[in-house]
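Whatever order the structure lists them in is the order used to number ligands and atoms, beginning at 1. The shown structure was predicted, so the numbers you read here are calculated from the model rather than taken from an experiment. Throughout, residue positions are numbered sequentially from 1 according to the sequence presented.
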Amino acid sequence: MEKLLNILKQNRGSFVSGEVLAKSAGITRAGIWKQIEQLRKFGYRIDSAPRKGYCLREAVPVLHPFELKENLKTLVFGRKIYYRREVDSTNNWARVAASQGEAEGAVFIAGSQTKGKGRLGRGWVSAPGLGLWFSLIIRPRISPAELPVITILTAVAAAQAIKETTGIQVQIKWPNDLVFNGRKLGGILGELNGEVDLVHFLILGVGINVNHQTGDFPAGLEKKAISLKMIAGDGEISGNDLLREFLKIFEKAYFSLFNKAIGDFIEYASYHSATLGKRVSINQGERIYQGTALTLESDGSLRIKEDTGRITVVHSCEIIETVSQHY
Ligand code: BTN
């Protein structure tokens, strides 16, 4: 299909006969017709006319591995990209693939999720075609205790990719929410497969609201959630560009982790933090307490000054006044 698409792209706006396409792509006329149908299902606008053939219309931002692979400059992340129009959850899909041996760096993208998952057992609203819903497989050779920083790095990579592709500066709400003016723009869900001291693999699920309009969010989320398009105003934002940039930055951050050189990323997360300096309410199950968030530590934990004056380092918990995109 990639061959056919490339020929159509080279002739964008002009008709190419079925015969020429079949010859150049090395498939039968019937095969061409089938592949054209599939490309249309992915969202490509292809006209057909008797005796003229097929014509790929103007560029539409189709989120698809074909598009993503163009100009992808990573070594590991995104070398394998899978796409489905609909899945229950890209994290589930990636987990099954990873258990069957899929390599580090594989990316699983869905047009929509019927059972998108958020943190703490919540759901995640992932409407068709409006957002970037994807998961990555990583197989880091570190202990599970060292993992929290990876979700921070993921949030930083997402924030930087958004800035690079749209000019929008989002904030990171510890540990891994992306927010803009206090409204939730995206989130990260890390799911571990491993033992007490051994990581088999980690699935990193990333959800970013891209092209939603206000009415696209379900009631209850309208005032809490936001999309890049709502911030940027008009124009469609390309999920391909955003994901390609994310993979590039994430790969750099991930490699830096093993060279013990993530200082810049932690600094970025601190500088663009929606949490530091703010009052927070921490729920650690057996203990709920209030305080002020002081600093982000190099291992991804949060240093807090409790109202009692005690200094605590929080590794994983929930900050109660969180805005969210959960149902
Ligand atoms: C959160 O903020 O609670 C995390 C949300 C993570 C959502 C993404 S969308 C892609 C991936 N697949 C899922 O089922 N969840 C994550």
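- Distances below 4.0 Å separate heavy atoms of G116 from the following atoms of ligand 1: 14 (O).
- In the model, S48 has a side-chain atom that pairs as donor or acceptor with a side-chain atom of R40 under 3.5 Å.
- Between N91 and S135, the side chains place a donor N or O and an acceptor N or O closer than 3.5 Å (distance only, hydrogens not considered).
- By the 3.5 Å distance cut-off applied to N or O atoms, S89 is counted among the residues near ligand 1.
- Residue Q113 places at least one N or O, backbone or side chain, under 3.5 Å from an N or O of ligand 1.
- Residue D177 approaches ligand 1 through these ligand atoms, each under 4.0 Å from one of its heavy atoms: 2 (O).
- When all heavy atoms of F108 and A97 are compared, the pair lying nearest together is CZ-CB, 3.5 Å.
- For the residues R119, K117, K184, the heavy atom positioned nearest atom 2 (O) of ligand 1 is part of K184.
- Judged as a side chain to side chain contact (heavy atoms under 4.5 Å, CB included), and not counting sequence neighbours, the contacts of R310 are R287, E306, T308, T312.
- In L120, neither the side chain nor the backbone holds a heavy atom less than 4.0 Å from any atom of ligand 1.
- Ligand 1 has no atom lying under 4.0 Å from any heavy atom of S126.
- For Q38 and Y44, the side-chain atoms include no donor-acceptor pair closer than 3.5 Å.
- Of all the heavy atoms of I188, the ones lying under 4.0 Å from any atom of ligand 1 belong exclusively to the backbone.
- Within ligand 1, counting atoms from 1 as listed, the ones closer than 4.0 Å to a heavy atom of F134 are 10 (C), 11 (C).
- Of the residues L56, V16, L21, I46, the one that meets the side chain to side chain contact (heavy atoms under 4.5 Å, CB included) test with L4 is L21.
- A side-chain N or O of N92 and one of K117 form a donor-acceptor pair less than 3.5 Å apart.
- Counting the atoms of ligand 1 from 1 in the order shown, those under 4.0 Å from a heavy atom of T90 are 10 (C), 11 (C), 12 (N).
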